[in-house]
Amino acid sequence: MTSTITPTSAPGVELTDTHEFLNRELTWLSFNERVLHEALDERTPLLERVRFLSIFTSNLDEFYMKRVGGLKRQIVAGVASLSVDGMTAAQQMAAIREAVIPMLNRQAACWKDQIQPALAEHGIHVLKWNQMTDSERDFANDYFHRQVFPVVNPLAVDPGHPFPFLSNLSLSLGVKLAHKGQAEALFARVKVPEVLPRWLYLDLPESQGQFRFVSLMEVIRHNLDALFRGMEVLSVTPFQVTRNADVERDEEDAEDLLVLIAQELRERRFARIVRLEHDPSADPWTISFLKRELELNDQDVYELPGELDYTGLGPIVDLELPELKYTPWTPRVPVPLVDEDADI
């Protein structure tokens, strides 16, 4: 459980005013906002801006796993102690959400309005399905049947099949289904395979000199008929969950540290979900269903105006375009140490 540290003061100095202290969760978010600023800064090389979007998301994921997870445990346990700046765990949760949402909006605006157009100017195109040519759609469909279909496992929820397990930070499609001719809606979850790149490079002869990508989620979304034959797809909701990674452990009394770590990793795998993220096209019925099954409230649900997961942009960041990256730094050996036999 996250502990509250009472600050010490110099002799004769009383620090009793909570306004004299900064909240540790909000100051961490301020740090991550500076990471986001590197992506917003037009002086940063283009592909490095994409990398900073990814780093910002990765940092925020860890923040929710550990910091928000710890606050969630305090609330469930009924801990009444205040932070050094005088806030309860619930108040900190509200302040975190208020601080994070504007950052997510800035991140999405930067990606859509600045970085994507700039990438296109350099021949790097991040496409939606309706922006692809017929030959690119054929390429993507063929990739789905050869590479994706064998490793994807759709799971439906009905009286005979319970709600499926959702692993931490896994990307999923929540599919609202119905048997043809019937009105009753069913829920199915399709997990985006983690063994495949999140972005598919459309490597076709006619795209020479161009780098054209489509997300793996988009490819799966437009091939759902192959997964649900005889069913009618009513809506598709991309979503992602984050699980609590703030688990208790006693390293001092552990007989075997390796066993302790293995146990902690198992506990993390099945820990409580602390955040649900979805895109703006989400179906309200699906979100209500997920909130009920995952025991979440409105404050745990985030509508992301941009990509669900910027950490998967590695195939784009790793393009061999040195002019769009920082100049590699080559260290220089001090002259006195050039001689390998020199005595330091």
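Since the model is a prediction, treat every value here as computed from it, not as a measurement.
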Which residue pairs pass the ring-ring contact (aromatic ring centres under 6.0 Å, His included) test with at least one member in residues 88-109, sequence neighbours excluded?
none
Looking only at non-hydrogen atoms, find the nearest pair between A89 and I75 and report the distance.
CB-CG1, 3.7 Å
Sequence neighbours excluded, the answer for side chain to side chain contact (heavy atoms under 4.5 Å, CB included) partners of S288 is none
Verify side-chain contact (heavy atoms from CB on, under 4.5 Å) between L29 and M103, making sure each step is shown before the conclusion.
CA-CA 9 Å; L29 289 175; M103 294 187 206; 4.0 Å; yes
Is the number of heavy atoms from other residues, nucleotides or ligands within 6.0 Å of CG (D113) greater than 12?
yes
Closest non-hydrogen contact found for P154 with F228 is CB-CZ, 3.6 Å
Nearest 0.5 angstrom please: T242 OG1 to M65 CE, how far?
8.0 Å
Quick check: closest heavy atoms across L234 and A178, and the distance to 0.1 Å?
CD1-CB, 3.9 Å
Please walk me through it: do H125 and L202 pass side-chain contact (heavy atoms from CB on, under 4.5 Å)?
CA-CA 10 Å; H125 303 273; L202 301 168; over 6 Å; no
For residues 167-191, which residue pairs qualify under ring-ring contact (aromatic ring centres under 6.0 Å, His included), counting only residues two or more places apart or in two chains?
F163-F187, F187-F289
Salt bridge present between R51 and E38 (N-O < 4.0 angstrom):
no
Mind checking the CE-CD spacing from M93 to Q74? Nearest 0.5 Å is all I need.
10.5 Å
Flag side-chain contact, heavy atom, 4.5 Å: S54 against V317:
no
Does the side chain of L200 reach to within under 4.5 Å of the side chain of F213, using non-hydrogen atoms?
no
Can you hop from L127 to Y201 via hydrophobic side chains spaced under 4.5 Å?
yes
Closest contact, heavy atoms only, H278 versus A282
ND1-CB, 3.3 Å
Are E218 and K128 packed together at the side-chain level, in the sense that at least one heavy-atom pair is separated by less than 4.5 angstrom?
yes
Does the pair R189 and S172 meet the rule for a side-chain hydrogen bond (donor to acceptor under 3.5 Å, both in side chains), with working shown?
CA-CA 7 Å; R189 180 253 187 155; S172 302; 2.9 Å; yes
State, with a plain yes or no, whether a side-chain heavy atom of V214 is found less than 4.5 Å away from one of M132.
yes
Apply the test side-chain contact (heavy atoms from CB on, under 4.5 Å) to residues W199 and V126: give CA-CA distance (whole Å), side-chain angles for both, the deciding distance (0.1 Å), then the verdict.
CA-CA 9 Å; W199 289 86; V126 180; 3.2 Å; yes
Is there side-chain contact between S170 and E194, with heavy atoms separated by less than 4.5 Å?
yes
Residue list, side-chain hydrogen bond (donor to acceptor under 3.5 Å, both in side chains) with Q116, at least two apart or on another chain
W111
Does N297 CG have over 12 foreign heavy atoms under 6.0 Å away?
yes
To the nearest 0.5 Å, atom CG of L36 lies from atom SG of C110 at 7.0 Å
Could you tell me whether the side chain of L169 reaches within less than 4.5 Å of the side chain of T311, counting heavy atoms only?
no
Going from CD1 on I55 to OH on Y310, what distance comes out if it is rounded to the nearest 0.5 angstrom?
15.0 Å
When you measure from the side chain of T88 to the backbone of Q91, do you find a donor-acceptor pair of N or O atoms at a distance under 3.5 Å?
yes
On the six-membered ring of Y302, is R97 placed so that its NZ or CZ lies under 6.0 angstrom from the centre and within 45° of the ring axis?
yes
Residues which pass salt bridge (charged side-chain N to carboxylate O under 4.0 Å, His left out) with E303, listed by chain and number, not counting sequence neighbours:
none
Could you tell me if the side chain of P238 sits less than 4.5 Å from the side chain of S281, heavy atoms only?
yes
D318: which residues meet the side chain to side chain contact (heavy atoms under 4.5 Å, CB included) condition with it, sequence neighbours left out?
none
Determine yes or no for a side-chain-to-main-chain donor-acceptor pair under 3.5 angstrom, with R275 supplying the side chain and V241 the backbone.
no
Side chains of D283 and I287, heavy atoms from C-beta outward: is any pair under 4.5 Å?
no
Is the shortest side-chain N to carboxylate O distance from E295 to R272 below 4.0 Å?
yes
Sequence neighbours left out, what passes side-chain hydrogen bond (donor to acceptor under 3.5 Å, both in side chains) with D142? Give chain and number order.
R146
Got a sec: does the CD of E206 have more than 12 other heavy atoms crowding it under 6.0 Å?
yes
side-chain hydrogen bond (donor to acceptor under 3.5 Å, both in side chains) with T57: which residues, sequence neighbours excluded?
Q107
Please name all residues satisfying side chain to side chain contact (heavy atoms under 4.5 Å, CB included) with L321, sequence neighbours left out, ordered by chain then number.
L47, I124, F211, L319, E323, L324
Gap separating the CG atom of L119 from the CD atom of E121, nearest 0.5 angstrom
9.5 Å
Closest non-hydrogen contact found for L26 with N23 is N-OD1, 3.1 Å
Salt bridge check: are D300 and K72 linked by an N-O gap of less than 4.0 Å?
yes
Pairwise side chain to side chain donor-acceptor pair (under 3.5 Å) hits with a residue in residues 148-165, at least two apart:
D158-H161
Report whether I96 and V76 are members of the same hydrophobic cluster (ILVMFWY, side-chain heavy atoms less than 4.5 Å apart, transitive linking).
no
Closer than 3.5 angstrom, by distance alone: can the side chain of H37 be matched with the main-chain N or O of E33 as a donor-acceptor pair?
no
Are the side chain of N141 and the backbone N or O of R137 linked by a donor-acceptor pair below 3.5 Å?
yes
Might you confirm whether atom CD of Q210 has over 12 heavy atoms from other residues, nucleotides or ligands at distances under 6.0 Å?
yes
Return yes if some donor-acceptor pair links the side-chain N/O of R198 with the main-chain N/O of L313 below 3.5 Å, else return no.
no
Could you check whether any side-chain N or O of D85 sits under 3.5 Å from a backbone N or O of L22, counting only pairs where one atom can act as donor and the other as acceptor?
no
Do the charged groups of E48 and K325 touch, with an N to O distance under 4.0 Å?
no
Sorted by chain and residue number, the side-chain hydrogen bond (donor to acceptor under 3.5 Å, both in side chains) partners of T237 (sequence neighbours excluded) come out as none
Where do Y64 and N244 land on the side-chain contact (heavy atoms from CB on, under 4.5 Å) test, with the steps shown first?
CA-CA 7 Å; Y64 272 84; N244 186 359; over 6 Å; no
Where is the tightest heavy-atom contact between M217 and L171, given as atom of each residue plus distance?
CE-CB, 3.8 Å
Taking side chain to side chain contact (heavy atoms under 4.5 Å, CB included) as the test, write out the residues that go with F144, two or more places apart.
V148, F149, V219, I220, N223, A226, L227
Taking the side chain from K191 and the backbone from S167, do they hold a donor-acceptor pair closer than 3.5 Å?
no
